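Working notes for the structure below.
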Amino acid sequence: MKCAEITDKVIEAIKSGKYDHIRLNYPNGDMVGHTGVFNAVVCSMEGMDLQLGRLKAAVEEAGGILCLTADHGNSDDMYEHAKDGSVKKGGDGEPKAKTSHSLNPVPGIIYDPEYKGEYDVDKLNEGLGISSWPSTLMNLMGFVPPSDYDKSIINLK
């Protein structure tokens, strides 16, 4: 995957100062996860982790906020599981690769190096999910989301 090249372009965009919001999607966890090749996924995720470190530093230098999430899992669950939770084995006795999306909850992270208590994170997490991010991003940018948007992850003070 081209996560280093993607990060180069995004850091260039951040440093330009032209944008109030930049959204990017690293393909690594999904696309390499679909291969079912464990070592390829580990290498891919390690490479992406390095790029997230570079991105975090650029966001911090620009005085921005980094929000990190995913739309679904894939590389987080590399093997098929039986109903009892055990790993299924293939005909060769090796773990059977899972190449479909996982149903695991996807975490979200807000990294705000200039946070001064102006909002709280919703601790109940009731009804929150990927659809809560648009309202959250609007709140972080100083806008009030439309009333028909799903609830924000943060509570403004």
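By convention here, the first residue in the shown sequence is residue 1. If you're wondering where the values come from, they're calculated on a predicted model, not measured in any experiment.
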Kindly work out whether a path of hydrophobic side-chain contacts (I/L/V/M/F/W/Y, heavy atoms less than 4.5 Å apart) joins L68 to V10.
yes
What about M141 and V121, same hydrophobic cluster or not, with Ile/Leu/Val/Met/Phe/Trp/Tyr joined at side-chain heavy-atom distances under 4.5 Å?
no
Nearest heavy atoms of [X] and [Y], plus distance in Å:
{"X": "I65", "Y": "I110", "value": "CG2-CG2, 3.9 Å"}
{"X": "Y79", "Y": "K98", "value": "C-CB, 3.6 Å"}
{"X": "H34", "Y": "T99", "value": "ND1-O, 2.6 Å"}
{"X": "P145", "Y": "S135", "value": "CB-OG, 3.6 Å"}
{"X": "M78", "Y": "N74", "value": "SD-O, 4.2 Å"}
{"X": "L128", "Y": "S152", "value": "CD2-O, 3.8 Å"}

What's the spacing between [X] [atom1] and [Y] [atom2] if we round to 0.5 Å?
{"X": "D8", "Y": "L55", "atom1": "CG", "atom2": "CG", "result": "11.0 Å"}
{"X": "I22", "Y": "I11", "atom1": "CD1", "atom2": "CD1", "result": "10.0 Å"}
{"X": "M48", "Y": "C43", "atom1": "CE", "atom2": "SG", "result": "13.5 Å"}
{"X": "D20", "Y": "F143", "atom1": "CG", "atom2": "CZ", "result": "7.0 Å"}
{"X": "C67", "Y": "R23", "atom1": "SG", "atom2": "CZ", "result": "13.0 Å"}
{"X": "Q51", "Y": "L24", "atom1": "CD", "atom2": "CG", "result": "10.5 Å"}

Could you go through the side chain to side chain contact (heavy atoms under 4.5 Å, CB included) check for N139 and Y119 one step at a time?
CA-CA 9 Å; N139 283 156; Y119 57 86; over 6 Å; no
Heavy-atom donor-acceptor pair, [X] side chain to [Y] backbone, under 3.5 Å:
{"X": "S132", "Y": "K151", "value": "yes"}
{"X": "K157", "Y": "G117", "value": "yes"}
{"X": "S44", "Y": "V41", "value": "no"}
{"X": "T69", "Y": "P107", "value": "yes"}
{"X": "T136", "Y": "I153", "value": "yes"}

I would like to know whether V87 and H81 meet side chain to side chain contact (heavy atoms under 4.5 Å, CB included); could you show each step before the answer?
CA-CA 5 Å; V87 174; H81 297 276; 3.9 Å; yes
P146 and M138, any side-chain heavy atoms less than 4.5 Å apart:
yes
Between Y26 and I6, is there a side-chain heavy-atom distance shorter than 4.5 Å?
yes
Residues in side-chain hydrogen bond (donor to acceptor under 3.5 Å, both in side chains) contact with S102, at least two apart in sequence or another chain:
D76
Does NZ in K15 sit with more than 12 non-hydrogen atoms of other residues, nucleotides or ligands closer than 6.0 Å?
no
Please collect all salt bridge (Lys or Arg N to Asp or Glu O under 4.0 Å) contacts where either partner lies in residues 29-53, sequence neighbours excluded, each pair once.
none
